Amino acid sequence: MNFYKLLGFDPSRHNRRTELMAGFTTFLTMSYILAVNPDILSQAGMDQGAVFTATALASAIGTILIAFLAKLPFAQAPSMGINAFFAFTLVKGMGYSWETALAAVFVEGIIFIILTAFNIREQIVKCIPLNLRYAISSGIGMFIAFIGLKNAGIIVSNEATFVTLGQFTPTAILACIGIVISGVLIALKVRGALFYGILICTLIGIPLGVTQLPDGFIPVSMPKSLDPTFLKFDFKSLLNMDMALTIFALVFMDIFNTVGTLIGAAAKTEMMDEKGNVRHIKEAMMADALATSVGAVLGTSTVTTFVESASGIAEGGRTGLTSFTTAVLFLLALFFAPLFLLVPSAATTGALVMVGVFMLDAIPKIDLTDVSEALPAFITMITMVLTYNIAEGMALGMICYTLVKLLSGQWRQISPTLAVVTVLLLLRYIFQ
């Protein structure tokens, strides 16, 4: 069978050069994940070099799966937001080892595969009210931005006020420069703005003493070993109610990330049918689920479809040839690990803050005129940041929604699934 046909590419309808350039554009706009993900997961105690290799491989595998299974121009990589949940909620907040967190991601991927195979994902998505879904997305964006500010020392702890503005150290100054540069590049519509922002800040960090340039630095090398993270699972610690709810939260976040990205990026293109359904969405979801499980085996957090895929689609990408091109570039990136691992944490702050800004686009969609909708949405967003825990924000938001609707006589708006989930969440807090 013709290779291009396997990717959904039809020479009579599609242009090869356009698809290749679209794939390059998608890679450029999302390649920042190769610097950010190892930095975030290393704070959970994982080996940074192994995580870089796992990130590049998982991204390539997930994107290849979408190329051949769904024949769509989308790319995959470890999710921004869920990687923060992995490192700062599961490991640092709840005290689990990163090996247990990886096991949770693996189990989540298996559950996602089952849900997709049996078409149960629609029921899962419908369980959470629409306004809460928007709030979850925006809350995660705020949380990611807060992590960036905290890691750079722009925001620090304070006994009197809990948090306050930190000192303007070289690290904090570099982070502030990164935020401004990233914002300016995006405002100027520069392709790969976040990647270039990280690169510029890494260079600026050398004279500031923040970027540590090793003696005899060479930007190219053989791929870093996966041994420190490969198949490093601890399943024993999964057998408790907290972890069951955590896996439940991971499944929700993964499904919402993927469905939201697929629908949002495919809108107003021939990839969406007249009923508003994305073509081959089941195959795309299966690619996502498989990539998550494979990524956990390699040593990285949940893999999901990246919204940055929209940049390639905007360039005219319409088939799996676009995503295949992106995947090949992720494989080539394996040989540039020294360059990506040179990036200091402060240089990624601009990318983290801008990702937070992008995720705020869901707030205008929240119905703020109805307090029974606005209050749970607000609780979801603010508690994600103030508890430093995405799962707690989701849980408290759902509990608030159910109680407010029930006590205000709007119980018909509570689905049976949400009612059961709320009871389980309340029991968790009661017996915690």
Side-chain angles (χ1 to χ4, degrees), residues 82 85 104 107-140 238-260 262-263 275-278 281-282 285-286 288-289 292 302 304 362 365-381 383-384 387 389-432:
I82 302 183
F85 178 81
V107 171
E108 176 240 324
I110 299 300
I111 292 173
F112 198 179
I113 291 172
I114 295 170
L115 294 176
T116 302
F118 290 94
N119 294 318
I120 304 173
R121 68 182 186 277
E122 288 85 358
Q123 286 71 31
I124 297 293
V125 171
K126 291 175 182 176
C127 168
I128 295 185
L130 187 59
N131 283 308
L132 281 189
R133 295 180 220 168
Y134 295 142
I136 289 168
S137 175
S138 298
I140 291 174
L238 296 184
L239 303 176
N240 61 72
M241 179 60 74
D242 261 356
M243 189 50 78
L245 291 171
T246 294
I247 293 172
F248 178 75
L250 282 169
V251 171
F252 266 108
M253 287 189 285
D254 198 359
I255 290 176
F256 293 149
N257 274 346
T258 302
V259 172
L262 289 171
I263 293 174
K275 295 181 180 179
N277 299 313
V278 179
I281 189 170
K282 181 177 180 179
M285 298 285 278
M286 183 60 76
D288 187 298
T292 289
T302 300
T304 190
K365 301 174 185 176
I366 299 172
D367 183 5
L368 298 176
T369 62
D370 181 351
V371 73
S372 68
E373 297 285 344
L375 176 60
F378 177 73
I379 292 296
T380 299
M381 292 185 288
T383 54
M384 278 188 186
T387 65
N389 191 315
I390 292 169
E392 298 290 6
M394 291 175 64
L396 293 171
M398 285 189 280
I399 290 172
C400 180
Y401 183 93
T402 302
L403 292 179
V404 170
K405 291 292 185 181
L406 180 65
L407 297 175
S408 62
Q410 303 178 66
W411 55 270
R412 290 184 181 84
Q413 297 183 34
I414 304 170
S415 69
T417 308
L418 180 57
V420 171
V421 170
T422 301
V423 171
L424 291 174
L425 292 173
L426 285 169
L427 288 174
R428 174 205 171 203
Y429 285 116
I430 291 170
F431 294 106
Q432 194 172 33

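All of these numbers come straight from a predicted model, not from anything done at the bench.
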| query | Hey, mind stepping through Thr383 and Glu392 against side chain to side chain contact (heavy atoms under 4.5 Å, CB included) and telling me if it holds? | reply | CA-CA 7 Å; Thr383 54; Glu392 298 290 6; 5.9 Å; no

For the [atom1] atom of [X] and the [atom2] atom of [Y], what is their distance to the nearest 0.5 Å?
| X | Y | atom1 | atom2 | answer |
| --- | --- | --- | --- | --- |
| Asp288 | Ile113 | CG | CD1 | 10.0 Å |
| Leu426 | Met398 | CG | CE | 11.0 Å |
| Ile399 | Leu418 | CD1 | CG | 10.0 Å |
| Tyr134 | Thr380 | OH | OG1 | 14.5 Å |
| Leu115 | Met286 | CG | CE | 9.5 Å |
| Ser408 | Gln413 | OG | CD | 8.0 Å |

So which atom in [X] and which in [Y] form the shortest heavy-atom distance, rounded to 0.1 Å?
| X | Y | result |
| --- | --- | --- |
| Met384 | Gly139 | SD-C, 3.5 Å |
| Cys400 | Leu375 | SG-CG, 3.8 Å |
| Thr292 | Gly109 | CG2-CA, 3.8 Å |
| Ala117 | Lys282 | O-NZ, 3.4 Å |
| Leu132 | Gly397 | CD1-O, 3.8 Å |
| Ser372 | Tyr401 | O-CD1, 4.1 Å |

| query | What do the steps show when you test Phe85 against Thr302 for side chain to side chain contact (heavy atoms under 4.5 Å, CB included), and what is the final call? | reply | CA-CA 10 Å; Phe85 178 81; Thr302 300; over 6 Å; no

| request: Please report the C-alpha distance between Ile366 and Glu373 in whole Å, then the side-chain angles of each, then the deciding distance to 0.1 Å, and finally whether the side chain to side chain contact (heavy atoms under 4.5 Å, CB included) criterion is met. | output: CA-CA 8 Å; Ile366 299 172; Glu373 297 285 344; 5.8 Å; no

| said: Pair Asp254, Leu250 - check side chain to side chain contact (heavy atoms under 4.5 Å, CB included), show working. | reply: CA-CA 6 Å; Asp254 198 359; Leu250 282 169; over 6 Å; no

